[in-house]
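Below: the structure, in structure tokens.
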Amino acid sequence: GNSVTQMEGPVTLSEEAFLTINCTYTATGYPSLFWYVQYPGEGLQLLLKATKADDKGSNKGFEATYRKETTSFHLEKGSVQVSDSAVYFCALSDQQGGSEKLVFGKGTKLTVNP
Amino acid sequence: DVKVTQSSRYLVKRTGEKVFLECVQDMDHENMFWYRQDPGLGLRLIYFSYDVKMKEKGDIPEGYSVSREKKERFSLILESASTNQTSMYLCASSSPGTGQETQYFGPGTRLLVL
């Protein structure tokens, strides 16, 4: 079945450091790919998404490019802030019976220190 | 603003109790989902529903049931709570699309079963 593998955390960075969180997927067909973020004490919210190969999703300084040849969707940010401390989830859409589910990775906890 | 609300942020129950977790969305979404989130395991889908009175099992339905009598409300029921059901429960909703759908999450209910 479809699956998502993302790098295990936790990841600890200093403010203004470069961030990469790796995500690879296994899927039949051409799923859409997502990054969700969960800030402390909150539910998940969509950070960015890409719906086809070579698409780049971007939001709040974060970017990820849908790479079909490497089945990857790595999350990057050039300069992280303390406020980016959160848990990040990579996900793909998994269509089943007319209702699309999301398959999530296990999450990567990011802590940014001042 | 889109909104998914869950009836409780924190809940403490005793083993064997019947537990109801309620979720309400105000976006007129067809699809609704229940997940549980556990450290190191990420999000796992319990049940989902793509229409009123319709339900589908997710990856870990054992020990749970659901009810969807109205479009905006999706309830998760623990018939006889057990300690291994201590977890964070997240509700989400979405509108069917073509692989581009975004799931909107509630803030979560942290359930402790003693």
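Protein chains get the first letters and strands the later ones, always in sequence-line order, with residue 1 at the start of each.
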query: Do the charged groups of R36(B) and D38(B) touch, with an N to O distance under 4.0 Å?
result: yes
field: Note: K106(A)-E8(A) ion pair, threshold 4.0 Å (strictly below)
entry: no
task: Classify the angle between the aromatic ring planes of W34(B) and F74(B) as parallel (below 30°), tilted (30 to 60°) or perpendicular (above 60°).
output: tilted
message: Under a 3.5 Å threshold, yes or no: a donor from one side chain and an acceptor from the other, between Y30(A) and Y66(A)?
response: no
- line: The interface call for Q6(B) against chain A, heavy-atom contacts under 4.5 Å, is neither
message: Between F73(A) and F34(A), is the ring centroid distance below 6.0 Å?
response: no
- prompt: Among G9(A), G41(A), G105(A), G107(A), who wins on heavy-atom pairs under 4.5 Å with chain B?
  reply: G41(A)
query: Can you say whether Y36(A) sits under 4.5 Å from chain B via the side chain, the backbone, both, or neither, judging by heavy atoms?
result: side chain
- prompt: Based on non-hydrogen pairs under 4.5 Å, which of L92(A), L102(A), L46(A) is most in contact with chain B?
  reply: L102(A)
query: Side chain, backbone, both or neither: which part of Q6(A) has a non-hydrogen atom closer than 4.5 Å to chain B?
result: neither
message: Less than 4.5 Å to any heavy atom of chain A: does that hold for the side chain of R9(B), its backbone, both, or neither?
response: side chain
